[in-house]
Amino acid sequence: MKYMFLIAGLGNPGEKYKDTWHNMGFLALDAFAKENNFPEFELKRILKAEISEKEINGEKVILVKPQTFMNLSGEAVGLLMKHYKTKNLIILHDDIDLPLGKLRIARNRGTAGHKGIESVVKTIRTKDFLRIRMGIQPEKKPKNAEDFVLKKIIERDRLKEILKKTNPAIIFLLAGKENEAMTQFNK
C-alpha cells in the first residue's frame, strides 16, 4: 500500500438535513461509495463520523461523513487524521459562490467564508489539502445563503450532473493526477 487517503464529505447529520444543498459532500461521498462498491458506512462514535473503507488500486481509501454538523467538521476530520496517521486529505463540499453544477478542485486556498472548511483549517492548522468544491448557486444568488443551503434539493437532474462529474474527479486525485484533474474539471 502506497498511501492512505481520507476523503471527507461535509454535511449535517440527521433526517432534517438529508438532501439539502449543504449536504452535497455527503451526497457526493454516497455516490462515490456506490459507484466504487464500498461497504456500508458505519458510525464510529469515538471518531465522530460514519466511515467506509476499501482499497482502490493498492491505496487505502477511507470515506468519512463527519457527524459533528457542518460548522464543527474540523473536530471529526482532525480526529480521523490523527487516528489514521495520514495527511492525504480530500474534502468534498458545497460552494454557493460557484454556479450550480460547476466543480472546482483546489489546494491550499482560503475558506471563502465556508464554515465547515474554516473549522477544518482551524483544527488541522493548514490549508494544504485538496478540496472539490461543488457549485450550488442558482441563477440568481440568494439574499440569505444560510436559508438557501438548508433547502431541500428539487433540481434532481442538476444534482445528478454534479455527482456524475465528482466521481471521476476523485479518481484522478487518488491516482495522483492533481494537475490533470484541475485542468479537466476547473472549466
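The analysis underlying the following values was restricted to heavy atoms, covering all of them including side chains, and did not include hydrogens, waters or symmetry mates.
- None of R104, R133, R109 except one satisfies the salt bridge (Lys or Arg N to Asp or Glu O under 4.0 Å) rule with D95; the exception is R133.
- If you check the side chains of D94 and H114, you find a donor sitting under 3.5 Å from an acceptor.
- Nearest heavy-atom pair across A181 and L173 is CB-CD2, 3.9 Å.
- For residues 175-187, the side chain to side chain donor-acceptor pair (under 3.5 Å) pairs, not counting sequence neighbours, are R107-E178.
- Open room surrounds NZ on K85; 12 or fewer heavy atoms of other groups in view lie less than 6.0 Å from it.
- In this structure, L163 and A28 approach most closely via the heavy-atom pair CD2-CA, 3.5 Å.
- No side-chain heavy atom of I7 sits less than 4.5 Å from a side-chain heavy atom of V64.
- Atom NZ of K44 sits in a sparse spot, with 12 or fewer heavy atoms from other residues, nucleotides or ligands closer than 6.0 Å.
- In this structure, the side chain of N12 does not engage the main chain of F69 through any donor-acceptor pair within 3.5 Å.
- By the 4.5 Å heavy-atom criterion applied to side chains, V77 and T123 are not counted as neighbours.
- For the pair N144 (side chain) and D147 (backbone), a donor-acceptor distance under 3.5 Å is present.
- When all heavy atoms of S119 and G74 are compared, the closest pair comes out as OG-N, 2.8 Å.
- Counting heavy atoms from C-beta outward, M134 and L103 have side chains that approach closer than 4.5 Å.
- Not counting sequence neighbours, the partners of E75 by the side chain to side chain contact (heavy atoms under 4.5 Å, CB included) test are K48, T68, L72.
- When side chains are defined from C-beta on, F5 does not count as touching I62, because their heavy atoms never get closer than 4.5 Å.
- Residues L100 and R158 share a closest heavy-atom pair of O-NH2, 2.7 Å.
- Heavy atoms from other residues, nucleotides or ligands lying under 6.0 Å from NZ of K87 number 12 at most.
- I90 pairs with exactly one of V61, L63, L130 by the side-chain contact (heavy atoms from CB on, under 4.5 Å) rule, that one being L130.
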